[in-house]
Amino acid sequence: MTHYTLVQTLATVQDLEAKGFLGTVGKIAAATVIFFIAIGLIVGLLLGFFIGRAVGRNQGPR
């Protein structure tokens with residue numbers, strides 16, 4: 001009976017450790033995705049600004 005209890009305890013500890021590791025990996029992956037989305041938004045805004053200035057929209061009658 002003692003052997004069974006030790007095996008179950010060890011299995012539970014390993015399961016909790018694995019869940020913690022996967023949670024950490026998930027947080028890192030989410031942060032990476034958010035980082036690249038933010039970089040994409042900034043680059044898109046800059047490109048839009050400079051392309052808009054280069055094309056030179058008409059401002060209406062002068």
Other than Leu41, what residues sit in its cluster of Ile, Leu, Val, Met, Phe, Trp and Tyr side chains whose heavy atoms are under 4.5 Å apart, directly or through others?
-> Val33, Ile37
Tracing side-chain contacts under 4.5 Å among Ile, Leu, Val, Met, Phe, Trp and Tyr outward from Phe50 reaches Ile42, Leu46, Phe49
List in chain and number order the residues that pass side-chain contact (heavy atoms from CB on, under 4.5 Å) with [X], two or more places apart in sequence or in another chain; answer none if no residue qualifies.
| X | value |
| --- | --- |
| Val43 | Ile39, Leu47 |
| Thr24 | Ile28 |
| Leu45 | none |

